[in-house]
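Here the structure comes first, spelled out in structure tokens, and everything after it is commentary.
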Amino acid sequence: MPLHIPTPLIVSAPLSRTAGRPVWLKLEALQPPGSFKIRGIGLACEHYAQLGAKRFVSSSGGNAGLAVAYAGRLLGVPVTVVVPATTSERAKDLLQHEDAEVIVHGASWQEANALAQSLLGDTDAFLHPFDNPLLWRGHATLVDEVAATGRKPGAVLLAVGGGGLLAGVAEGLERNGWGDVPLLAVETEGAASLHQSMHTGQRVELEAITSIATSLGARQVCERAFELGQSGRVRSLLVSDKEAVAACTRFLDDHRLLVEPACGAALAVAYGQPEALADFQDIVVIVCGGATASADNLRQWTARFA
Ligand SMILES: *Cc1c(COP(=O)(O)O)cnc(C)c1O
């Protein structure tokens, strides 16, 4: 039994109306730990548990850490998550509710991650948030579920952080004979590591992340995502933080689901960039979810960008 659940694929009447073409939603926000991450991380955790791992270690205070904590609890494997001091109380609470040990260390993710690495013993498994072929294989199951409906997407619209979701969706399309389906890869302007890499032809490392879409805040995409960016299958799109937040609010009204700005980034293209969709029918949007943003956060961001 996988640790993720199969999620609904529904047509969105409001988004289809706005985009002027059928828009479908793959509702990964409904995964028990709140995002698609459990697909890949669940598969990787099962794999490491079978190999005898006695503990899972993560340095993510976001959805990746939550997925590790959830997987560890279900598999009966203890989990340690090292997070920087900037991590929200809500994120720490969510991790602790999954019975994870939470260690707060350092001012930035780099320092938290360095401590996590130093803790690793022989029987520990470290779960990277995006750069692991096991994760991609697990994320690919979301495309298997789309393929089981027999409905081939005209394009897949998704958000990109470190590129694990992109790599997984590409793998899923390939293994279902749909390797020709274009990928519309969305980042916020302050987290545009794939976008800059595609434009310069080099795997750029950003100086800093300036976007509120923290789940997209990988300073450098993984090598596999970079390769995909060079393959001609990916179109890179950017939205502002303001647009991502506005899309979260509109989506909450339209579909009664609260998602993070990282997910709002993909939705913002569906709501606000009709020209980016003009070449396609039956666009599947990965509603990647996100558990760390609250209604209160959404109100605060909306006020900030007003
Ligand atoms: C992790 C995450 C992303 C980005 O995924 P990558 O694999 O890092 O590209 C987007 N949205 C949400 C909600 C996430 O948790």
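Counting convention: from 1, in listed order, for ligands and their atoms alike.
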Report task. Number the atoms of ligand 1 from 1 as they appear, then name those within less than 4.0 Å of a heavy atom of Asn63, with their elements. Result -> 13 (C), 14 (C), 15 (O)
Report task. Look at atom 10 (C) of ligand 1 and say which protein heavy atom is nearest, naming residue and atom and giving the distance to 0.1 Å. Result -> Leu216 CD2, 3.6 Å
Query raised in the report: Among Ala225, Ala64, Cys288, which one has a heavy atom closest to atom 12 (C) of ligand 1?
Result: Cys288
Query raised in the report: Which other residues belong to the hydrophobic cluster containing Ile209, where Ile, Leu, Val, Met, Phe, Trp and Tyr are joined when side-chain heavy atoms lie under 4.5 Å apart, directly or via other members?
Result: Val204, Leu206
Requested in this report: Using atom types as modelled and distance alone, determine if a side-chain donor or acceptor of Arg233 lies under 3.5 Å from a backbone N or O of Gly179.
Outcome: yes
Query raised in the report: Under the salt bridge (Lys or Arg N to Asp or Glu O under 4.0 Å) rule, what pairs show up with a residue in residues 73-86, not counting sequence neighbours?
Result: Arg73-Glu98
Query raised in the report: Any donor-acceptor pair under 3.5 Å linking the side chain of Lys26 with the backbone of Thr7?
Result: yes
Requested in this report: Pull out every atom of ligand 1 sitting under 4.0 Å from any heavy atom of Gly164, numbered as shown with elements.
Outcome: 6 (P), 7 (O), 9 (O)
Query raised in the report: Taking non-hydrogen atoms only, is Leu166 closer than 4.0 angstrom to ligand 1 via side chain, backbone, both or neither?
Result: neither
Query raised in the report: Between the main-chain N or O of Ala185 and the side-chain N or O of Arg235, is there a donor-acceptor pair closer than 3.5 Å?
Result: no
Query raised in the report: Against heavy atoms of Gly289, which atoms of ligand 1 measure under 4.0 Å?
Result: 13 (C)
Query raised in the report: For atom 5 (O) of ligand 1, which protein heavy atom lies nearest, and how many Å away is it?
Result: Phe36 CZ, 3.5 Å
Query raised in the report: Is the shortest distance from a heavy atom of Ala218 to ligand 1 less than 4.0 Å?
Result: no
Requested in this report: Looking only at protein heavy atoms, identify the closest one to atom 1 (C) of ligand 1 and say how far it is in Å.
Outcome: Lys37 NZ, 1.4 Å
**Report entry** Gly162 N/O under 3.5 Å from ligand 1 N/O
**Finding:** yes
Requested in this report: Could you tell me the separation between the CD1 atom of Ile41 and the NE2 atom of His128, rounded to the nearest 0.5 Å?
Outcome: 10.0 Å
Report task. Find all atoms of ligand 1 within a distance of less than 4.0 Å from any non-hydrogen atom belonging to Val160, and give their numbers and elements. Result -> 9 (O)
Query raised in the report: Which ligand 1 atoms are under 4.0 Å away from a heavy-atom of Ala262?
Result: 11 (N)
**Report entry** Whether Arg224 side chain and Cys222 backbone form a donor-acceptor pair below 3.5 Å
**Finding:** no
